[in-house]
Amino acid sequence: MTKKSSREPRIDLNTATEEELTAIEGVDGERARLIIEHRSERGPFRSWEDLHQVPGIDGVMLGKLQRSGSLGGATEASGKGAGAGGAAEAEPGSATKRRSSGGGEIGDAAALEQIMGLILLDRAAAEAYRVAIGVCKTPEIKKQLEGFRADHERHERELLDALGASPPDQPDERGQCIRRYTELSAREERTALVAMRGNEELTNDAYASALASDLPDEVRRMVEANWQDERRHIRWINEEIRTRGWELPEVPSTLAEAA
């Protein structure tokens with residue numbers, strides 16, 4: 001079946017049939033049935049954030065749904081109903097829009113959630129690099145990993161500044177999983193690089209997914225620049241592992257599920 005192009009009308013996820021849903025890239029029959037089943041049981045999706053409640057809808061899949069789909073005005077309807085002199089009550093699952101330092105507004109709850117997710121992920125990656133650097137002995141490898149750690153710390157600072165937000169107090173569940181995985185896996189240089197390869201795959205996927213969201217130009221440019229750093233990190237790690245002949249074991253399923 002031919003996939004929808006970006007110029008074709010968006011598919012309303014709140015009314016689409018199974019056949020219409022499977023026209024979206026990455027949506028097979030099982031995912032389509034789960035989407036229909038979820039909205040039948042719980043009502044229409046009121047924000048993109050609600051899609052995360054459907055089994056099998058991760059950040060990457062959500063980005064594809066946002067590119068080809070719509071929520072049929074449900075998100076707009078959730079903001080109506082304020083009386084004269086009163087404010088409308090926030091719908092469950094909604095998030096307050098936050099202005100960037102350049103005056104742009106994060107377009108929807110899913111976009112804001114993804115940017116905050118990037119901040120937490122960059123923080124977790126920086127901590128994971130600290131662990132990996134601690135077991136490395138080769139000067140050039142340590143120097144390269146220290147540079148990558150500094151990139152992640154810079155990304156976190158810049159995104160926080162763009163949102164005008166305060167640093168989170170604690171890592172989220174995904175960040176804790178990344179840290180534990182690196183501590184358990186990184187015993188010497190080979191396993192350290194393999195662990196960081198898995199971590200960088202997560203950050204690369206997360207940045208690519210965020211670029212599918214409704215972002216103000218200033219934040220989008222920042223996310224695109226950060227993504228270029230992430231791609232550079234994983235290219236170097238892959239090449240280093242290849243040239244040294246180090247085997248790549250599979251990433252544990254617990255880490256993949258945390259993404």
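In what follows, every heavy atom counts, from backbone to side chain, and hydrogens, waters and symmetry copies are set aside. Source: prediction; values computed, not measured.
A salt bridge between R244 and E240 is present, with a side-chain N of the basic residue lying under 4.0 Å from a carboxylate O of the acidic one. A salt bridge links R154 with E158; the closest basic N to acidic carboxylate O contact falls under 4.0 Å. Salt-bridge annotation for E140 and K143: absent, with no side-chain N of the basic residue lying under 4.0 Å from a carboxylate O of the acidic one. Salt bridge status for R221 with E224: absent, with no side-chain N to carboxylate O gap under 4.0 Å. Between R130 and E127, at least one side-chain nitrogen of the basic residue sits less than 4.0 Å from a carboxylate oxygen of the acidic one, meeting the salt-bridge criterion.
Two different hydrophobic clusters hold L184 and L145 under the rule that ILVMFWY side chains link at heavy-atom gaps under 4.5 Å. The same ILVMFWY cluster, assembled from side-chain heavy atoms under 4.5 Å apart, contains both L13 and L34. Note: the hydrophobic cluster containing L202 does not contain V131 (ILVMFWY, side chain heavy atoms under 4.5 Å, direct or indirect links). Tracing side-chain contacts under 4.5 Å through hydrophobic residues (I, L, V, M, F, W, Y), one reaches I133 starting from I241; they form part of the same cluster.
The distance from the CD1 atom of I36 to the CG atom of N14 is 11.5 Å, given to the nearest 0.5 Å. Here the CZ atom belonging to R39 is positioned 14.5 Å from the CZ atom belonging to R46, to the nearest 0.5 angstrom.
A186 and V135 make their closest contact through O-CG1, 3.5 Å (heavy atoms, listed as atom of the first residue, atom of the second, distance). When all heavy atoms of A162 and M222 are compared, the closest pair comes out as CB-CE, 3.9 Å. The two atoms that bring W48 and L71 nearest to each other are N-CD1, 3.6 Å, heavy atoms only. C136 approaches A192 most closely through the heavy-atom pair SG-CB, 4.2 Å. Considering all non-hydrogen atoms of both residues, L159 and L118 come closest at CD1-CB, 4.0 Å. Looking at every heavy atom in both residues, L215 comes nearest to V223 through CD1-CG2, 4.3 Å.
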Decide yes or no on side chain to side chain donor-acceptor pair (under 3.5 Å) for N238 and R197, but give the supporting numbers first.
-> CA-CA 7 Å; N238 278 330; R197 178 183 183 275; 2.6 Å; yes
Can D229 and Y207 be said to form a side chain to side chain donor-acceptor pair (under 3.5 Å), step by step?
-> CA-CA 10 Å; D229 286 338; Y207 268 97; over 6 Å; no
Determine, step by step, whether T182 and N199 satisfy the side chain to side chain donor-acceptor pair (under 3.5 Å) criterion, reporting the C-alpha distance in whole Å, the side-chain angles of both residues, the deciding distance to 0.1 Å, and the verdict.
-> CA-CA 8 Å; T182 309; N199 293 338; 3.0 Å; yes
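When atom types are taken as modelled, the side chain of R10 and the backbone of Q66 share a donor-acceptor pair closer than 3.5 angstrom. Distance alone, capped at 3.5 Å, is enough to place a donor-acceptor pair between the T203 side chain and the E200 backbone. Put simply, the side chain of T22 gets close to the backbone of E19: a donor and an acceptor are under 3.5 Å apart.
Both the sub-6.0 Å distance and the 45° axial angle are satisfied by R231 relative to the ring of W227.
For the residue pair D151 / Y129, no side-chain donor-acceptor distance below 3.5 Å is found, with atom types taken as modelled. Side-chain contact annotation: E189 with T138, donor-acceptor N/O pair under 3.5 Å present.
Using a 4.5 Å heavy-atom threshold, the side chains of F148 and M196 count as separate. At a threshold of 4.5 Å between non-hydrogen side-chain atoms, the residues E153 and R157 count as touching.
With sequence neighbours excluded, the residues satisfying side-chain hydrogen bond (donor to acceptor under 3.5 Å, both in side chains) with E183 are R179.
H155 and H233 have parallel rings, their planes meeting at less than 30° on a 0 to 90° scale where 60° marks the start of perpendicular.
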